[in-house]
Amino acid sequence: MVNLYRSKKTKYRIKRIEIMISSIRYIFVLLFILLISCGNHEVKEDKLTTYVNPFIGTDGPGNTYPGATVPFGMVQLSPDIGIPGWDRIAGYYYQDSIISGFSHTHLTGTGAGDLYDILVMPTNSRYSERIKENNFKPFSHFSHENEEAAPGYYSVDLLDFGIKAELTATARTGIHRYTFPKDSLSQIHVDLGYALNWDSPTDTYINIINSTTIEGYRKSTGWAKDQRIYFTMELSKPFDSYTLFRNDTVVQNSEKAKNTKVVLNFKTDENEQIVLKTGLSTANLSGSKKSIVKEVPDFNFDTYRKKATTIWEQELQKIEIETNDQNKKALFYTMLYQSMLAPTLLSDHNGNYKGANDTIMQATNFDRYDTFSLWDTYRAAHPLYTVLHPERVSDMVNSLLAHYKETGLLPVWSMQGNETNMMIGYHAVPVVVDAYFKKIKNFDAALAYEACKGSAMDSTRQIDVYKKLGYIPIDQGHDNWSVSKTLEYAYDDWCIARFAKDLNKIDDYNYFLKRSENWRNVYDSVSTFMRPKLPNGQFLQEFKPKDYSEHFCESNAWHYFWSVPQNIEGLIDQVGGKEPFEKKLDSMFTLNPLPDDKLPIFSTGMIGQYAHGNEPSHHVGYLYNYVGKPWKSQERIREILETQYRNEPNGLCGNEDCGQMSSWYIFSSLGFYPMNPAQGVYTFGSPLFQKVSINLENERKFIVETLHNSDENVYIQSVTLNGQTIERNYIMHSEIMNGGTLVFTMGPNPNEAIMKSAKSNDVYK
């Protein structure tokens with residue numbers, strides 16, 4: 001037996017060896033075939049889209065959505081939990097377990113509960129439970145184990161119905177594919193009365209054209225007061241019958257009311273698929289029909305999914321990074337993905353759109369965009385677009401100018417052809433001025449200057465008081481964010497002054513340059529903070545810098561003290577020089593909130609008083625560069641990169657805010673950031689990756705190499721640009737766009753002998 005066992009064991013070993021040799025031969029043959037077949041063709045690397053995790057930010061305070069869209073597209077087709085609340089502002093919340101349908105429009109990472117237009121939900125006879133929490137709409141349970149999200153694609157199993165739902169999108173069309181089980185009463189619900197959070201329908205319309213086509217519109221109000229979405233919907237399979245509802249009353253083949261819906265009835269076989277495509281327009285039904293004709297002429301779902309993936313791949317390829325850290329790679333490409341979810345298309349293929357003057361307007365020779373979250377995005381997102389998407393920036397600037405022509409003012413926070421007047425400042429100004437100095441083409445500079453000046457000279461938004469007093473005083477009647485308004489207006493005024501000087505409008509230059517110094521009027525030398533001021537010029541008596549009050553916009557005095565990006569040198573002098581300024585910066589990052597401090601919902605991502613979860617703090621880590629201590633900036637920026645972003649659903653420390661949070665990460669991980677967003681200068685931080693190649697639209701390449709980088713080596717030892725050592729801690733926009741190579745050499749200890757300070761108000765050509 002032993003001998004027999006050994007014999008069998010020997011034979012088994014020989015057999016394993018033979019299999020291994022055979023496998024090795026197979027591998028060599030395969031490699032040889034691959035080498036021969038490749039010829040002069042490069043072997044394709046992994047698709048960058050595979051690194052994107054759209055679930056980042058769907059848990060915690062991120063408020064993102066995981067659904068299907070294309071870069072800057074009109075359609076954001078995404079699942080809706082159907083239950084209201086702050087956590088479900090984007091319609092979806094990772095901790096939930098039900099889905100009530102898939103609607104075609106969503107906001108990315110905001111605090112505004114709006115949109116959710118045209119809800120579609122497939123059902124069948126297997127499940128009919130209803131709950132009050134989602135207003136008794138059909139729903140199904142789901143599991144993250146049976147859910148997938150990728151750029152341009154989302155899928156989920158609706159477990160109670162046994163239905164697989166898949167979503168993809170083109171620029172103006174949402175495409176659904178539902179795989180049904182066998183059932184005599186499979187249904188697709190199209191609900192125009194569905195509303196969530198701030199959104200409410202005002203007028204809806206459904207018209208049954210035939211057994212495969214319906215059309216209609218959904219007009220609604222909410223954060224944006226006059227929203228209009230026209231749609232044409234086509235199905236790959238005729239429905240057997242339908243039930244059309246006006247509220248809860250059954251009606252005939254067309255209906256207008258505040259609340260309408262239609263239930264389409266089918267008989268389905270096992271694994272039968274029905275494709276549904278929905279073309280959108282904000283102008284009229286003709287535009288929605290053209291969206292389908294131009295973008296989705298057939299029902300080949302896989303073709304459109306592949307096209308969406310290809311579009312995303314092309315955009316993501318604009319930055320190629322080299323790193324051995326797969327989590328960081330996923331995080332980077334997800335942030336790059338999220339930076340392109342807004343602004344969104346507003347005009348249709350006819351050029352028509354719902355204007356901010358509530359009439360139908362037409363964009364000629366440009367695409368009209370909206371969803372401009374400017375208080376957030378002027379800081380980093382729009383500067384990032386000037387590097388990666390200059391051609392699209394031209395359309396964005398023309399969109400801002402179209403808003404000006406429609407209303408007489410540049411937008412503050414515009415959405416769906418509406419001015420919401422949310423937040424403060426006239427921050428379309430730095431976006432326009434930055435585009436002008438970066439030589440973005442194809443917009444009218446004279447009109448742009450007129451719009452900037454006109455918005456700054458208006459008498460609304462307390463600008464009349466600001467012009468008279470040189471600051472916004474405390475208004476006892478309401479929450480008016482007086483200190484924040486003063487500081488934000490002053491920065492925008494600096495941008496206008498710079499614009500005026502370049503156009504040789506010297507009187508305007510002097511006037512707005514003087515206004516840009518209005519920050520001094522709210523600086524209190526006793527407390528060394530920006531302090532609320534009464535109309536009589538007296539500072540508010542009761543004042544605690546770390547208190548969140550109506551005088552600061554979503555912030556406190558610690559956050560807004562640093563909001564003088566146009567004149568950091570003047571701010572340094574105002575507090576007594578570089579040493580006290582540095583100490584105040586140190587305190588910003590070390591003065592931790594106490595257990596009994598009342599922190600509002602937007603005060604997140606805290607490092608001391610620094611709040612990375614909200615935008616006024618975003619440039620602060622870079623300010624050590626202006627007091628000759630760049631290594632402190634390098635240390636803080638690396639800390640923020642490593643601690644405030646994670647590759648998981650709860651991976652954002654605050655609202656993503658239409659691309660700002662992600663754009664901060666993109667810039668900072670590359671090693672530089674636009675501290676003054678309209679200056680054309682990027683100050684250095686601490687780069688994350690071994691090598692980065694930025695593939696510019698002008699067909700040039702800008703490369704960032706980082707030598708000896710590691711978790712310990714966070715400090716810059718030296719910098720070269722195109723082989724020449726530079727002793728400054730910034731790079732200019734023109735140097736990036738010209739192409740070249742920037743090399744950082746890193747080390748474990750600060751190199752205090754290098755890096756001259758940048759200046760915040762110099763104009764670099």
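Basis for what follows: all heavy atoms, side chains included, without hydrogens, waters or symmetry-related copies.
Between the T221 side chain and the D226 main chain, no donor and acceptor come within less than 3.5 Å of each other. Of the possible polar contacts, one joining the Q76 side chain to the G73 backbone as a donor-acceptor pair under 3.5 Å is found.
The structure places CD1 of I424 at 9.0 Å from CD of E554, a figure rounded to the nearest 0.5 Å.
The two residues K256 and R246 have their closest heavy-atom pair at O-NH1, 3.0 Å. Taking each heavy atom of S662 and Q338 in turn, the nearest pair found is OG-C, 3.7 Å. Nearest approach of R218 to Y194, heavy atoms of both residues: NH2-O, 2.7 Å. Here the closest non-hydrogen pair linking V262 and I208 is CG2-CD1, 4.0 Å. Residues M74 and T105 share a closest heavy-atom pair of O-CG2, 4.3 Å. Of all heavy-atom pairs spanning C658 and Y385, the tightest one is O-OH, 4.0 Å.
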Ignoring hydrogens and angles, write down the donor-acceptor pairs under 3.5 Å from the side chains of residues 403-415, residues two or more places apart or on other chains.
| from | atom 1 | to | atom 2 | distance (Å) |
| --- | --- | --- | --- | --- |
| Y404 | OH | E450 | OE2 | 2.7 |
| E406 | OE1 | A356 | N | 2.8 |
| E406 | OE1 | R368 | NH2 | 3.2 |
| E406 | OE2 | Y353 | OH | 2.4 |
| T407 | OG1 | H403 | O | 2.9 |
| T407 | OG1 | L409 | N | 3.2 |
| T407 | OG1 | L409 | O | 2.9 |
| W413 | NE1 | S373 | OG | 2.9 |
| S414 | OG | D370 | OD1 | 2.5 |

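For the pair K137 and F139, the cation-pi criterion (under 6.0 Å, within 45° of the ring axis) is not fulfilled. In this structure, R126 is not positioned above the aromatic face of F161 in the sense of NZ or CZ being under 6.0 Å from the six-membered ring centre and within 45° of the axis.
Checking E148, E166, E147 one by one against Y154, the side-chain hydrogen bond (donor to acceptor under 3.5 Å, both in side chains) holds for a single residue, E147. Residue E295 is tested with K277, K307, K290, R172 for a side-chain hydrogen bond (donor to acceptor under 3.5 Å, both in side chains); the sole match is R172. Considering D114, D117, N418, T202 in turn, D114 is the only one that fulfils the side-chain hydrogen bond (donor to acceptor under 3.5 Å, both in side chains) rule with Q227.
Taking the six-membered ring where the residue is Trp, F72 and H389 present perpendicular rings, their angle passing 60° and hence far from 30°. Ring-plane geometry between H176 and Y178 is classed as tilted, the angle between the planes lying from 30 to 60 degrees on a 0 to 90 degree scale. In this structure, F55 and Y92 have tilted ring planes: the angle between them lies in the 30° to 60° band. Using cut-offs of 30° and 60° for the angle between ring planes, the Y337 and W312 rings count as tilted. Ring orientation note: the planes of F301 and Y153 are nearly perpendicular, at an angle over 60° on the 30°/60° scale.
Other residues, nucleotides and ligands place no more than 12 heavy atoms under 6.0 Å from the CG atom of D248.
Shown here are the side chain to side chain donor-acceptor pair (under 3.5 Å) partners of K164, two or more places apart in sequence or in another chain: there are none.
The shortest side-chain heavy-atom distance between I175 and L167 does not fall under the 4.5 Å cut-off.
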